[in-house]
Amino acid sequence: MARLIALSGSLRSGSYNTALARALAQRAPAGCEVEVVTPADVPLYDGDLEAEHGVPKGVEQLKDRIADADGLILVTPEYNQGVPGVMKNMIDWLSRPPQDIGRVFGDRAVALCGASAGAGGTRAAQYALLPTLRALGTRIWSGKTLYVGPAGRMFDDAGELVDEDIAKRADDFIAGFDRYAGGG
């Protein structure tokens, strides 16, 4: 089974996207391991900061974990029908320095999903990430889609997935991506 990283694109403590990432980890098939990561403590990308101090230690560690994983799940919010800065910032840091792009992203199995307060469930944000992921050389999974919205009805106050239809879709999504990434 596959070893996967689920990267939430949200900093909010009650994030629906982090809750979705945790739900995928809990619903993963037997033998599939999903590590949930949030972008906490990652500074805004700044070339001067990189030149002076290098890539932040936490980002370097995440790059190593992604490089050792079979696949990456980007769990993105959607702000104003686009990719939130937090998600793009993480991708930008993960691609630094440029010679690491192949190690971190090259032919990496990548899946997209997300949760939104709106009914669209992050369709526009997921679509907007595609050119960046192609440019980085990822192998984008186009199997089952997972758009969760309106997320306020899909999760309870503790962040647990409570909608049966979305739970079934999450099961299908994680099982399909596990197979695609090299598991089952």
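The basis for the numbers below is simple: all heavy atoms, side chains too, and nothing from hydrogens, waters or symmetry mates.
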If we check side-chain contact (heavy atoms from CB on, under 4.5 Å) with Leu74, which of these qualifies: Thr132, Val110, Thr138? Val110

Charged N-O contact under 4.0 Å between [X] and [Y]:
{"X": "Asp68", "Y": "Arg3", "value": "no"}
{"X": "Asp172", "Y": "Lys168", "value": "yes"}
{"X": "Lys63", "Y": "Glu60", "value": "yes"}

What pair of heavy atoms forms the shortest contact from [X] to [Y], and how long is it?
{"X": "Val75", "Y": "Gly114", "result": "CG1-CA, 4.3 Å"}
{"X": "Pro39", "Y": "Met90", "result": "CB-CG, 3.4 Å"}
{"X": "Asp46", "Y": "Trp93", "result": "N-CZ2, 4.2 Å"}
{"X": "Ala170", "Y": "Arg27", "result": "CB-CD, 3.9 Å"}
{"X": "Glu78", "Y": "Ala125", "result": "OE1-N, 2.9 Å"}
{"X": "Ala181", "Y": "Leu4", "result": "CB-CD2, 3.8 Å"}

Qualifying ring-ring contact (aromatic ring centres under 6.0 Å, His included) pairs with a residue from residues 151-175, counting only residues at least two apart or across chains: Tyr16-Phe155, Trp141-Phe173

Heavy atoms from other residues, nucleotides or ligands near CD of Gln99 exceed 12 (cutoff 6.0 Å):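 It does: Gln99 CD has more than 12 such atoms within range.
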
Residue Asp165 excluded, over 12 heavy atoms near CG under 6.0 Å: yes

Please tell me if the side chains of [X] and [Y] come closer than 4.5 Å, counting only heavy atoms from C-beta onward.
{"X": "Pro43", "Y": "Pro56", "value": "yes"}
{"X": "Ile174", "Y": "Leu146", "value": "no"}
{"X": "Val83", "Y": "Gln126", "value": "no"}
{"X": "Ser10", "Y": "Pro84", "value": "no"}
{"X": "Ile66", "Y": "Val37", "value": "no"}
{"X": "Leu24", "Y": "Cys113", "value": "yes"}

Please report the interatomic distance CG(Asn89) to CG(Leu44), rounded to the nearest 0.5 Å. 5.0 Å

Say whether, by atom type as modelled, one donor and one acceptor occur between the side chain of [X] and the main chain of [Y] under 3.5 angstrom.
{"X": "Asp100", "Y": "Ser95", "value": "no"}
{"X": "Arg108", "Y": "Arg103", "value": "yes"}
{"X": "Arg153", "Y": "Pro150", "value": "no"}

Any link between Leu7 and Leu130 through a network of hydrophobic side chains (Ile, Leu, Val, Met, Phe, Trp, Tyr) touching at under 4.5 Å? yes

Arg139 to Tyr180, cation-pi by 6.0 Å centre distance and 45° axis angle: yes

